[in-house]
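Below is one structure, written out as structure tokens, with a few remarks after it.
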Amino acid sequence: MRIGIGYDVHRLAEERKLILGGVEIPYERGLLGHSDADVLLHAIMDALLGAAALGDIGKYFPDTDGRYKGISSVELLKKVGELLEERCFLIENIDATIIAQEPKMRPYIGVMRENIAKALGIEVSQVNVKATTEEGLGFTGNKEGISSQAVCMLTSPAQLYDVDVANAACEGCQGCPKR
């Protein structure tokens, strides 16, 4: 069993769409970033990569690479899922929190969970997303930006625990459901 944690933050800016969990949320400002700046998916990707000891999203999708300019973070999440699958990691669960004073997230959380589960090829019941405000405190409370935190748990077949799983390729290991 491996546990990972991820965190991301982006500034709110005019003339940007607000995308969280792959959902476009109607709001007067959006998040500023090289990609679509989806802080929720960025935190989840970092948690998954961290649990697998594979680095962080900057290693795979640097903001200096034009291929990722404006890209949907859902597409990046799919690539992270492929990296995990190549190494026989199984996602047990993901728990994530969006921290924003506004807008209200409740109406969109179900679709966010579905988007995350679909991108990673897991069940919606393995994904939890929640939202909170900071009661007007700090940069999120002052509506300057939005942040997100995520934790996840990964497992892999027992035969891989004795090797460097970060560099092992999945070859249909005994006991691996991907065999």
Problem set entry | Arg87 side chain vs Leu54 backbone, donor-acceptor pair below 3.5 Å | no
Exercise. Residues in side-chain contact (heavy atoms from CB on, under 4.5 Å) with Asn115, at least two apart?
Worked result: Val23, Val111
Seminar exercise, completed: Output for pair (Thr155 OG1, Asn93 CG), nearest 0.5 Å, gives 10.0 Å
For this session: Take atom CD of Glu15 as the centre, draw a 6.0 Å sphere, and report whether it contains more than 12 heavy atoms from other residues, nucleotides or ligands.
Result: no
Exercise. Any side-chain donor paired with an acceptor under 3.5 Å for Ser148 and His42?
Worked result: no
Exercise. Taking it one step at a time, do Arg2 and Phe89 satisfy side chain to side chain contact (heavy atoms under 4.5 Å, CB included)?
Worked result: CA-CA 9 Å; Arg2 291 166 163 255; Phe89 282 112; 3.4 Å; yes
Problem set entry | CG-OG distance between Leu31 and Ser147, expressed to the nearest 0.5 angstrom | 10.0 Å
Exercise. Looking only at atom types and distance, does a side-chain atom of Gln149 sit under 3.5 Å from a main-chain N or O of Thr97, one as donor and one as acceptor?
Worked result: no
For this session: Under the side chain to side chain contact (heavy atoms under 4.5 Å, CB included) rule, what do Asp36 and Val74 come out as? Steps first, then yes or no, please.
Result: CA-CA 10 Å; Asp36 62 5; Val74 171; 6.0 Å; no
Seminar exercise, completed: Between the CG atom in Leu137 and the CD atom in Gln101, the distance rounded to the nearest 0.5 Å is 8.5 Å
For this session: Please confirm whether the backbone N or O of Glu92 pairs with a side-chain atom of Gln126, one donor and one acceptor, at under 3.5 Å?
Result: yes
For this session: Measure the CG-CD distance between Leu120 and Glu82 for me, rounded to the nearest 0.5 Å.
Result: 10.5 Å
For this session: For the pair Asn142 (side chain) and Glu144 (backbone), establish whether a donor and an acceptor sit closer than 3.5 Å, ignoring hydrogens and angles.
Result: no
Exercise. If you look at every heavy atom in Asp38 and Gly22, which pair is closest and at what distance?
Worked result: OD2-N, 2.9 Å
Exercise. So if you build clusters from Ile, Leu, Val, Met, Phe, Trp, Tyr with side-chain heavy-atom gaps below 4.5 Å, do Val39 and Phe139 land together?
Worked result: no
For this session: Examine Ile99 and Met112 and state if one hydrophobic cluster contains both, with Ile, Leu, Val, Met, Phe, Trp and Tyr joined whenever side-chain heavy atoms are less than 4.5 Å apart.
Result: no
Problem set entry | Nearest heavy-atom neighbours spanning Ala131 and Ile109 | N-CD1, 4.2 Å
Seminar exercise, completed: Smallest heavy-atom separation, Tyr7 atom then Asp46 atom, equals O-OD2, 4.1 Å
Problem set entry | Spatial distance of atom CG (Asp8) from atom CD1 (Ile146) [nearest 0.5 Å] | 11.5 Å
For this session: State, with a plain yes or no, whether a side-chain heavy atom of Pro103 is found less than 4.5 Å away from one of Leu18.
Result: yes
Problem set entry | Leu48 CG to Ile57 CD1 distance, which is reported to the nearest 0.5 Å | 11.0 Å
Exercise. What closest approach, in Å, do Ala37 and His10 show between heavy atoms, and which atom pair accounts for it?
Worked result: O-CD2, 3.7 Å
Exercise. Under a 4.5 Å cut-off applied to non-hydrogen side-chain atoms, are Arg11 and Arg16 in contact?
Worked result: no
For this session: Using a 4.5 Å cut-off on heavy atoms from C-beta on, say whether the side chain of Leu20 contacts that of Val129.
Result: no
For this session: Given side chain to side chain contact (heavy atoms under 4.5 Å, CB included), test Leu76 with Tyr68 step by step and report yes or no.
Result: CA-CA 9 Å; Leu76 302 179; Tyr68 305 117; 3.8 Å; yes
Seminar exercise, completed: Closest non-hydrogen contact found for Arg113 with Val127 is NE-O, 2.6 Å
For this session: Is it possible for you to say whether Val151 and Ile122 belong to one hydrophobic cluster, with membership spreading through side-chain heavy-atom contacts below 4.5 Å?
Result: no
Exercise. With a 4.0 Å cut-off, would you call Glu75 and Lys78 a salt bridge?
Worked result: yes
For this session: Indicate the atoms forming the closest heavy-atom contact of Gly6 with Ala47, along with that distance.
Result: N-CB, 3.6 Å
Exercise. Passes side chain to side chain contact (heavy atoms under 4.5 Å, CB included), His34 versus Lys69? Steps please.
Worked result: CA-CA 5 Å; His34 185 69; Lys69 178 81 173 149; 3.6 Å; yes
Exercise. Under a 4.5 Å side-chain heavy-atom rule over Ile, Leu, Val, Met, Phe, Trp and Tyr, are Ile19 and Val9 clustered together?
Worked result: no
Exercise. Got more than 12 heavy atoms from elsewhere within 6.0 Å of NZ, Lys130?
Worked result: yes
